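Scope of the values below: all heavy atoms of this structure, side chains included, with no hydrogens, waters or symmetry mates. Bear in mind the structure is a predicted one, so any value in this text is a computation, not a measurement. Counting starts at 1 for both ligands and their atoms, following the listed order.
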Amino acid sequence: FGAIIKEESQMKQMDITQYKDVWVFAEQRDGQLMDVAAELLGEGRRLAEEVGCELSAVLLGEDVRDLTDELFAYGADKVYISEGEHLKQYTTDGYTKVLSKMVEEYKPEIVLFGATHIGRDLAPRVAARVDTGLTADCTKLEIDPEEKGLMQTRPAFGGNIMATIICPKHRPQMATVRPGVMERAEKSGKREDQELIEFKNDVTEEDIRIKILDVVKAGKASVNIVDSEVIVSGGRGLEKPEGFELLQTLADKLGGVVGASRAAVESEWIDHDHQVGQTGKTVRPELYIACGISGAIQHIAGMQGAKTIVAINKNPDAPIFKIADIGIVGDVYEVLPKLIDALEK
Ligand code: FAD
């Protein structure tokens, strides 16, 4: 399930007792910390408390020192920083070289990355260099109370089962974690005992086999469903693209945005930026209203963290009702206009 598959016998024997602390790779782009860094620090703090160890953030880049205050504010006990002109842009070679050396020198017990484009590229390379395993795309992390090992859960077999994976004989235990799944760390004031550790790197131009000629930014997504407090989501049960206009009216009344199931996106009723679920976005709004959505495991994987789930479905046995806080059995085209009417009044 990880990106690295090696026979146990091919991997080095290691003394795992030397490894301690939880590390979070603090991803930044253009000097801006990615949201996933705050999420991993939130989750990392919880794990560090259970293990009884420190939480550290690792920051690579050029002129990124300003970000260390933010990482301390998110609760990192230590921040390891390595800077240089060859770390300005992310490159697989440059970042792998520095991070693997840091891991070899400081021996963290757990290293977490966001399952972003960069995290998915970097984590398997580092895991291979330091001869350990990696669980990709985790949605849940827990500490095994007896072994104190990391239990890493991720969807497997097309999302039909959740597999829990452990790394019993090698360290660090490494995982990439889906953005949006873990709760962000709260910001707090700087503490006396927080420590900044500088790591000198020797990355040269020759180390980097891929030259970045130009960076072209992707067009802005048409909607930001990840940060919205209210999402009104529609599925195949809407039966036609016009159904989303009704959803938009309700979303506007509630100050929210419109989401969708993959079935609705694949029917080309709405753009992929709106898709919630395993192959869409993971969302944690205050309120999620699922309209004509059956509640397939791949959809639920992306929205089960919502505070309040309301489901409208004409089938009383639809699986979505199992996770809904409020279930309305009925036709969306009868229920939604009444809801909008009531809100207008
Ligand atoms: P359906 O399952 O067809 O459900 C429609 C629901 O609408 C039914 O429950 C029906 O009772 C109800 N209904 C019908 N008419 C009305 C009406 N008039 N009023 C009220 N209710 C009505 N899916 C995602 O959503 N997101 C993902 O990211 C995702 N990733 C996937 C990844 C993989 C690898 C795979 C294999 C699948 C993935 N899927 C994903 C697809 C998922 O398995 C389901 O097929 C999909 O979620 C179903 O969408 P739906 O609930 O809109 O449609």
Side-chain angles (χ1 to χ4, degrees), residues 1 3 115-117 120 135-140 153-163 176-181 221-226 228 231-251 256-285 288-306 309-342:
F1 297 103
T116 57
H117 293 297
R120 284 173 198 221
T135 308
D137 219 15
C138 293
T139 52
K140 191 169 154 197
T153 302
R154 54 153 293 156
F157 295 112
N160 289 308
I161 62 158
M162 297 305 279
T176 63
V177 178
R178 283 197 134 212
V181 176
S222 60
V223 64
N224 178 4
I225 60 168
V226 174
S228 187
I231 300 176
V232 183
S233 226
R236 192 164 10 225
L238 294 184
E239 294 158 10
K240 51 189 179 208
E242 292 75 26
F244 279 97
E245 289 166 19
L246 201 55
L247 262 54
Q248 188 67 58
T249 310
L250 179 59
V257 296
V258 169
S261 73
R262 178 155 132 179
V265 172
E266 283 183 347
S267 305
E268 297 185 2
W269 299 343
I270 189 156
D271 197 79
H272 182 262
D273 288 339
H274 296 258
Q275 188 180 314
V276 173
Q278 192 188 319
T279 43
K281 305 269 174 17
T282 304
V283 295
R284 304 176 69 93
Y288 189 89
I289 307 181
C291 309
I293 292 178
S294 60
I297 185 167
Q298 297 90 351
H299 187 80
I300 287 174
M303 46 64 81
Q304 60 195 350
I309 299 171
V310 177
I312 307 168
N313 197 302
K314 65 181 182 188
N315 173 8
D317 298 321
I320 191 82
F321 288 132
K322 291 205 184 101
I323 61 148
D325 300 290
I326 300 168
I328 304 172
V329 179
D331 188 318
V332 277
Y333 291 102
E334 284 172 22
V335 177
L336 284 179
K338 284 184 186 156
L339 251 174
I340 293 165
D341 240 27

- request: Specify the protein heavy atom at minimum distance from atom 35 (C) of ligand 1: its residue, its atom name, and the distance to 0.1 Å.
  value: Gln298 NE2, 3.7 Å
field: Winner among Arg262, Lys314, Glu266 once heavy atoms are compared against atom 32 (C) of ligand 1
entry: Arg262
- request: Give the residue, atom name and distance (to 0.1 Å) of the protein heavy atom nearest atom 2 (O) of ligand 1.
  value: Ser294 OG, 2.7 Å
message: Is there a polar contact, in the sense of an N or O pair closer than 3.5 Å, between Val332 and ligand 1?
response: yes
- prompt: Which residue holds the protein heavy atom closest to atom 48 (C) of ligand 1, what is that atom called, and what is the gap in Å?
  reply: Ala263 CB, 4.0 Å
- prompt: Who's the nearest protein heavy-atom neighbour of atom 3 (O) of ligand 1, and how far?
  reply: Arg236 NE, 2.8 Å
message: My understanding is that we take every heavy atom of each candidate and find the minimum distance to atom 12 (C) of ligand 1. Doing that for Ile297, Leu238, Asn313, which one comes out nearest?
response: Asn313
message: Polar contacts were defined as any N/O atom of the residue lying under 3.5 Å from an N/O atom of the ligand; does this apply to Gly235 and ligand 1?
response: no
query: Any sub-3.5 Å donor-acceptor pair from His274's side-chain atoms to Val258's backbone N or O?
result: yes
query: Backbone N or O of Gly305 within a donor-acceptor pair of the Tyr288 side chain at under 3.5 Å?
result: no
message: I need the Ile225 CD1 to Ser233 OG distance, nearest 0.5 Å.
response: 7.0 Å
- request: Output the list of atoms in ligand 1 that are nearer than 4.0 Å to some heavy atom of Gly277, sorted by atom number.
  value: 26 (N), 27 (C), 28 (O)
- prompt: Got the closest protein heavy atom to atom 34 (C) of ligand 1, with its distance?
  reply: Gly158 O, 3.7 Å
message: Show me which atoms of ligand 1 lie under 4.0 Å from any heavy atom of Ser261.
response: 25 (O), 49 (O), 50 (P), 52 (O)
message: Under a 4.0 angstrom heavy-atom cut-off, which atoms of ligand 1 come close to Thr279?
response: 27 (C), 28 (O), 29 (C), 30 (N), 31 (C), 32 (C)
Heavy-atom nearest neighbour in the protein, as seen from atom 7 (O) of ligand 1, with distance rounded to 0.1 Å: Gly292 O, 3.1 Å
message: Tell me which pairs pass side chain to side chain donor-acceptor pair (under 3.5 Å) where either residue lies in residues 313-332, with sequence neighbours left out.
response: none
- prompt: Starting from atom 16 (C) of ligand 1, which protein heavy atom do you reach first, and at what distance in Å?
  reply: Gly237 O, 3.4 Å
For atom 18 (N) of ligand 1, closest protein heavy-atom neighbour: Asp331 OD1, 3.2 Å
- prompt: What are the atoms of ligand 1, with element, lying closer than 4.0 Å to any heavy atom of Gly330?
  reply: 19 (N), 20 (C)
message: side-chain contact (heavy atoms from CB on, under 4.5 Å), that's the test. Do Ile323 and Ile300 meet it? Break it down for me.
response: CA-CA 9 Å; Ile323 61 148; Ile300 287 174; 3.9 Å; yes
Sidechain-backbone polar pair: Arg154 side chain, Ala136 backbone, donor-acceptor under 3.5 Å: yes
message: Counting only nitrogen or oxygen atoms and a 3.5 angstrom limit, does Ala296 reach ligand 1?
response: no
Note, Ser294 side chain near Ile320 side chain (heavy atom, < 4.5 Å): no
Main-chain N/O of Glu245 paired to Thr249 side chain as donor or acceptor, under 3.5 Å: yes
message: Looking at Glu242, I'd like to know if its CD atom is crowded, meaning that more than 12 non-hydrogen atoms belonging to other residues, nucleotides or ligands lie closer than 6.0 Å.
response: yes
Anything under 3.5 Å between a donor and an acceptor, one on a side chain of residues 277-285, the other on a protein residue two or more places apart or in another chain? List them.
residue : atom : partner : partner atom : Å
Thr279  : OG1  : Arg262  : NH1          : 3.1
Thr279  : OG1  : Gln275  : NE2          : 3.2
Lys281  : NZ   : Asp273  : O            : 3.4
Thr282  : OG1  : Arg178  : NH1          : 3.1
Arg284  : NH1  : Val181  : O            : 2.4
Arg284  : NH2  : Glu183  : OE1          : 3.1

query: For Asp137, does its backbone N or O pair with a side-chain atom of Thr176 as donor and acceptor, under 3.5 Å?
result: yes
Contacting atoms of ligand 1, where contact means under 4.0 angstrom from a heavy atom of Gly280: 28 (O)
- prompt: Can you tell me how far CD of Gln298 sits from OG of Ser261, rounded to the nearest 0.5 angstrom?
  reply: 11.0 Å
- prompt: Which is closest to atom 27 (C) of ligand 1 by heavy-atom distance: Glu334, Gln275, His299, Met303?
  reply: Gln275
- prompt: At a 4.0 Å threshold, what atoms of ligand 1 neighbour a non-hydrogen atom of Val276?
  reply: 24 (C), 25 (O), 26 (N), 27 (C), 28 (O)
